[in-house]
Amino acid sequence: MDENDILTEKNIKDAEASDDPPSKTIKRGKRKKNKKRSKYSWLIWGISVFFMSFALTVVFSFITEVAVKDSAAAICVTVLFVLLVLNIGCDVLANAIISCSPESYHAMASKKIKGAKRAVTLCRNSEKLSSIFADVIGDICGIVSGAAGTALVVHIAVAGTTGELIASIGVSAAIGAFTVGGKAIFKNFAIKFNRQIVFGFAKFTTFFKRER
């Protein structure tokens with residue numbers, strides 16, 4: 001037998017590799033990419049939340065400062081009320097999404113009911129969305145509400161009805177009580193009516209972005 005006819009071990013491996021169909025090669029490449037994504041997905045998500053929180057805090061703080069600066073006490077109370085409602089509302093939405101299953105909307109999606117497909121998408125991404133609504137937006141509202149509370153304390157102190165220290169403690173206690181108490185009260189409501197809440201929010205989002 002001629003030496004040229006003898007395949008070395010390396011050539012055999014090359015020949016076997018070349019015999020693989022293209023589909024297998026593509027699947028292997030996709031698996032490697034998916035493994036890399038899943039390995040660092042927590043880091044990518046954490047960095048995304050960091051920048052998202054920074055941007056939203058800047059926006060919320062700017063709007064609040066502009067609204068309450070040199071404004072009447074009624075404006076400060078209104079801004080504070082809006083922030084509290086937004087904080088509690090986001091917590092309700094987060095609890096509804098994370099406690100709802102996408103199977104609840106499959107029949108509606110098959111009938112092409114508006115908002116059903118979006119509701120399925122929301123439920124499938126429940127962990128990330130609940131984190132955004134409850135942790136990111138909720139916590140930002142809690143932090144920014146302190147600015148409105150401080151402005152309200154200044155108005156109370158200037159009016160001379162009570163001391164600044166007492167006013168500060170009273171406003172802070174009221175903000176904390178309404179925030180924590182409101183979340184506790186509406187948590188059961190969010191879980192009980194989770195399907196209606198998620199579907200309503202999904203249908204609302206279709207006005208800004210159409211379903212695929």
Side-chain angles (χ1 to χ4, degrees), residues 37-38 41-61 63-64 67 77-149 172-212:
R37 287 178 183 176
S38 61
S41 59
W42 62 271
L43 181 60
I44 296 171
W45 172 243
I47 294 172
S48 302
V49 169
F50 172 81
F51 286 106
M52 187 190 307
S53 302
F54 181 82
L56 288 175
T57 304
V58 170
V59 172
F60 277 50
S61 298
I63 294 173
T64 304
V77 173
T78 303
V79 172
L80 188 57
F81 176 77
V82 170
L83 290 171
L84 289 173
V85 170
L86 184 60
N87 192 352
I88 296 171
C90 287
D91 188 75
V92 168
L93 189 56
N95 285 317
I97 292 174
I98 203 167
S99 63
C100 193
S101 62
E103 288 77 13
S104 306
Y105 307 100
H106 284 170
M108 298 172 66
S110 63
K111 295 178 182 178
K112 297 183 179 180
I113 297 176
K114 188 178 180 181
K117 289 184 179 179
R118 184 64 52 79
V120 172
T121 304
L122 293 176
C123 292
R124 286 177 177 173
N125 296 278
S126 59
E127 291 185 3
K128 290 184 178 180
L129 290 173
S130 62
S131 177
I132 290 173
F133 287 118
D135 299 331
V136 178
I137 299 178
D139 289 349
I140 289 172
C141 288
I143 294 170
V144 176
S145 61
S172 298
I175 292 172
F178 277 109
T179 302
V180 178
K183 289 181 178 181
I185 292 171
F186 286 101
K187 185 174 183 179
N188 183 59
F189 171 82
I191 296 173
K192 187 176 181 179
F193 299 97
N194 54 4
R195 289 183 61 188
Q196 294 86 339
I197 294 171
V198 174
F199 180 69
F201 179 73
K203 198 170 183 179
F204 173 73
T205 59
T206 57
F207 291 102
F208 302 97
K209 187 178 180 181
R210 291 182 179 180
E211 292 177 306
R212 293 181 181 179

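Computed from a predicted model, the values in this text were never measured in an experiment. Residue numbers run from 1 in the order of the sequence given.
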Result block: side-chain N/O donor-acceptor pairs under 3.5 angstrom for residues 44-55, not counting sequence neighbours:
{"from": "S48", "atom 1": "OG", "to": "I44", "atom 2": "O", "distance (Å)": "2.8"}
{"from": "S53", "atom 1": "OG", "to": "V49", "atom 2": "O", "distance (Å)": "2.7"}

| request: To the nearest 0.5 angstrom, please state how far the CG atom of L122 sits from the CZ atom of F199. | output: 11.5 Å
| request: On the 0 to 90° scale, with breaks at 30° and 60°, tag the F201-F204 ring pair as parallel, tilted or perpendicular. | output: tilted
| message | As a test of understanding, state which of L84, T64, V144 forms a side-chain contact (heavy atoms from CB on, under 4.5 Å) with V79. | response | T64
| field | Listed once per pair and sorted, the side chain to side chain donor-acceptor pair (under 3.5 Å) pairs that draw on residues 103-117, sequence neighbours left out | value | S101-S104
| Steps toward side-chain contact (heavy atoms from CB on, under 4.5 Å) verdict (F60, I143) | CA-CA 10 Å; F60 277 50; I143 294 170; over 6 Å; no
| message | Donor-acceptor pair, distance only, cut-off 3.5 Å: does the side chain of T205 make one with the backbone of A202? | response | yes
| request: Could you list the residues that satisfy side-chain hydrogen bond (donor to acceptor under 3.5 Å, both in side chains) with T206, not counting sequence neighbours? | output: none
| said: Applying ring pair (Phe, Tyr, Trp, His ring centres under 6.0 Å), can you list everything that pairs with F186, at least two apart in sequence or on another chain? | reply: none
| said: Given 3.5 Å as the limit, does a donor-acceptor pair link the side chain of T179 with the main chain of G176, or not? | reply: no
| query | Where is the tightest heavy-atom contact between L86 and C141, given as atom of each residue plus distance? | reply | CD2-SG, 3.5 Å
| remark: Heavy-atom closest pair (S145 atom, L83 atom, distance to 0.1 Å) is CA-CD1, 3.5 Å
| task | Determine whether C123 and I97 make a side-chain contact, defined as any pair of heavy atoms from C-beta on separated by less than 4.5 Å. | result | no
| field | Closest heavy-atom pair and its distance - A190, I197 | value | CA-CD1, 3.7 Å
| request: Identify, with sequence neighbours excluded, every residue that meets ring pair (Phe, Tyr, Trp, His ring centres under 6.0 Å) alongside F81. | output: none
| request: Any pair with a residue in residues 181-203 that passes side chain to side chain donor-acceptor pair (under 3.5 Å), sequence neighbours left out, goes on the list, sorted by first then second residue, please. | output: N87-K183, S99-N194
| said: Using only atom types and a distance under 3.5 Å, with no angle test, would you say the side chain of R118 pairs donor to acceptor with the backbone of R210? | reply: yes
Atom pairs and distances, side-chain donor-acceptor, residues 130-140, under 3.5 Å, sequence neighbours left out:
{"from": "S130", "atom 1": "OG", "to": "S126", "atom 2": "O", "distance (Å)": "2.8"}
{"from": "S130", "atom 1": "OG", "to": "E127", "atom 2": "O", "distance (Å)": "2.9"}
{"from": "S131", "atom 1": "OG", "to": "D135", "atom 2": "OD2", "distance (Å)": "3.4"}

